[in-house]
Amino acid sequence: MHQLTLAEIARGLADKKFSSEELTKVLLARIAQLDPQLNSFISLTEDLALTQAKAADARRANGESGALLGAPIAHKDLFCTQGIRTSCGSKMLDNFKAPYDATVVAKLAAAGAVTLGKTNMDEFAMGSANESSYYGAVKNPWNLEHVPGGSSGGSAAAVAARLLPAATGTDTGGSIRQPAALTNLTGLKPTYGRVSRWGMIAYASSLDQGGPLARTAEDCAILLQGMAGFDPNDSTSIDEPVPDYSASLNGSLQGLRIGVPKEYFSAGLDPRIAELIHNSVKELEKLGAVVKEISLPNMQHAIPAYYVIAPAEASSNLSRFDGVRFGYRCENPVNLIDLYKRSRGEGFGPEVQRRIMVGAYALSAGYYDAYYLKAQKIRRLIKNDFMAAFNEVDIILGPTTPNPAWKLGAKNSDPVAAYLEDVYTITANLAGLPGLSMPAGFVDGLPVGVQLLAPYFQEGRLLNVAHQYQLHTDWHTRTPTGF
Ligand code: GLN
């Protein structure tokens with residue numbers, strides 16, 4: 001039963017082959033048995049899951065239907081869940097029980113989804129390896145000595161290991177697409193403003209966006225359908241109708257114009273990944289797509305710009321964790337300054353502290369113009385590059401990551417080496433565009449992802465291309481040994 005996709009689960013529940021309660025019990029037992037190897041969960045919510053599963057079964061018995069009614073999922077542990085620990089992977093929030101549900105959590109619960117637990121993540125979503133969590137590193141089910149990617153690494157590892165069919169993630173600079181690539185999943189970062197950020201603990205507010213991680217594009221369509229939509233509680237939520245994503249899957253790719261940026265194939269890319277990307281292009285050409293070389297001339301400036309803007313916003317967002325209102329408070333402070341200093345010094349891990357310091361520096365008087373303002377100008381140039389490219393093509397295709405999953409600890413002493421792994425993903429966040437990563441093959445037994453980018457609100461086009469590709473390839477069906 002654990003091999004079923006969301007789409008298959010929906011059919012099985014509709015045909016009364018099994019109940020949501022039965023399925024939930026099977027998956028909870030599987031998590032108890034296998035997750036100790038992976039560390040993909042921070043909290044399990046067994047009681048909530050069984051209550052929700054029984055309620056979903058009752059709703060079905062009353063004639064209700066729906067693709068998510070009774071479907072087991074998990075939430076990255078930065079989505080607030082009422083009365084349940086919402087840690088953000090940090091000691092700072094280890095004792096924090098959210099007083100309300102994030103919009104995404106509430107919407108999925110209303111659609112009948114069953115929450116099995118909260119997944120492990122890089123502390124405050126800062127990272128590309130899921131090694132900065134206060135709760136310990138997550139392991140990649142394809143090779144337990146390797147990282148699963150980050151920061152939604154717990155969601156990715158759990159879904160890849162078939163502990164559950166799908167999970168939520170968030171993507172500030174690649175944290176849905178990059179772990180999807182490194183664990184052989186399909187993951188989608190929606191257009192900025194498509195999915196509500198209300199109740200999602202903020203890292204960099206102008207870049208953060210929630211989205212689905214699943215094994216197939218078909219399942220991403222189902223989960224995104226439950227997550228997307230206007231939310232008056234989020235001032236950057238966009239009031240656009242949500243299309244029927246599942247209905248968009250079967251469009252023909254005849255004449256689809258795919259742009260492949262020449263800058264993507266520079267020295268930093270593993271040549272074996274380059275070859276797999278070219279193979280995926282050939283596969284799409286067979287389905288009728290037309291391929292064209294394009295240029296994104298400002299891409300080289302994306303990492304420096306992102307690693308100014310994201311820490312700048314983080315330094316502001318994380319100032320609320322001061323030991324006074326919620327979260328960790330140090331023992332016996334001698335005065336208010338001591339309380340602030342020690343609560344933050346003891347509650348935040350080293351990567352979070354590094355980013356707060358870089359961000360506060362970039363925003364300080366005298367440096368603001370030189371760093372923050374400059375980075376914002378580069379951000380606009382990057383967006384303009386994409387706008388020009390989308391005048392010529394319908395979709396942009398390239399690698400999701402320059403390398404496959406690296407060994408645990410391999411980049412710990414050199415944070416910049418880890419930042420460079422984000423080179424292909426962060427431009428979509430800087431421009432606010434939707435992006436998807438899907439499985440495209442293996443290198444040394446480790447999965448490789450191909451990334452697709454589309455114009456604003458064209459999530460349906462991304463899912464369409466990915467679904468058609470998945471109908472003609474079987475990379476996404478491969479299962480890691482031992483799971
Ligand atoms: N690796 C990037 C960072 O550390 C992106 C993380 C994310 O998308 N949350 O900032």
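Atoms within a ligand are numbered from 1 in the order they appear, just like the ligands themselves. Residue indices begin at 1 and follow the sequence shown. All figures in this text were calculated on a predicted structure; none of them were measured in a lab.
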| query | Which of the atoms of ligand 1 are close to D171, meaning less than 4.0 Å from one of its heavy atoms? | reply | 8 (O)
| request: Could you list the atoms of ligand 1 found under 4.0 angstrom from a heavy atom of A125? | output: 6 (C), 7 (C), 9 (N)
| message | Is it true that D171 and N429 share a donor-acceptor pair across their side chains at a distance under 3.5 Å? | response | yes
| field | Student check: side-chain heavy atoms of F41 and K118 closer than 4.5 Å | value | no
| task | Give the single entry among S175, A129, G149 that approaches atom 7 (C) of ligand 1 most closely by any heavy atom. | result | S175
| Hey, does R355 come in under 3.5 Å of ligand 1, counting only N/O atoms on both sides? | yes
| message | For G174, state whether at least one heavy atom is located under 4.0 Å from any atom of ligand 1. | response | yes
| message | Ignoring hydrogens and geometry beyond distance, is a side-chain donor-acceptor pair present between S280 and Y469 at under 3.5 Å? | response | no
| said: Are any of the N/O atoms on T170, whether in the backbone or the side chain, positioned under 3.5 angstrom from an N/O atom of ligand 1? | reply: no
| note | The closest protein heavy-atom partner of atom 2 (C) of ligand 1 is D422 OD2, 3.2 Å
| query | Which residue and non-hydrogen atom of the protein lie closest to atom 5 (C) of ligand 1, and at what distance in Å? | reply | Y306 OH, 3.3 Å
| task | Give the atoms of ligand 1, by number and element, whose distance to some non-hydrogen atom of Y307 is under 4.0 Å. | result | 1 (N), 2 (C), 3 (C), 4 (O), 10 (O)
| said: Using a 4.0 Å cut-off to any heavy atom of M126, which atoms of ligand 1 qualify? | reply: 4 (O)
| request: Examine ligand 1 and decide if any of its atoms is less than 4.0 Å from a heavy atom belonging to Y419. | output: no
| Which atoms from ligand 1 have a heavy atom of G173 less than 4.0 Å away? | 5 (C), 7 (C), 8 (O)
| request: Using only heavy-atom distances, determine whether the side chains of Y134 and E123 contain a donor-acceptor pair under 3.5 Å. | output: no
| message | Within the 3.5 Å criterion, strictly below it, is a donor on K76 or T168 matched to an acceptor on the partner's side chain? | response | no
| Does the gap between the ring centers of Y306 and H301 come in under 6.0 Å? | no
| query | In terms of the angle between their ring planes, are H278 and F265 parallel, tilted or perpendicular, with boundaries placed at 30° and 60°? | reply | parallel
| Electrostatic pair R197:D208 at N-O distance under 4.0 angstrom | no
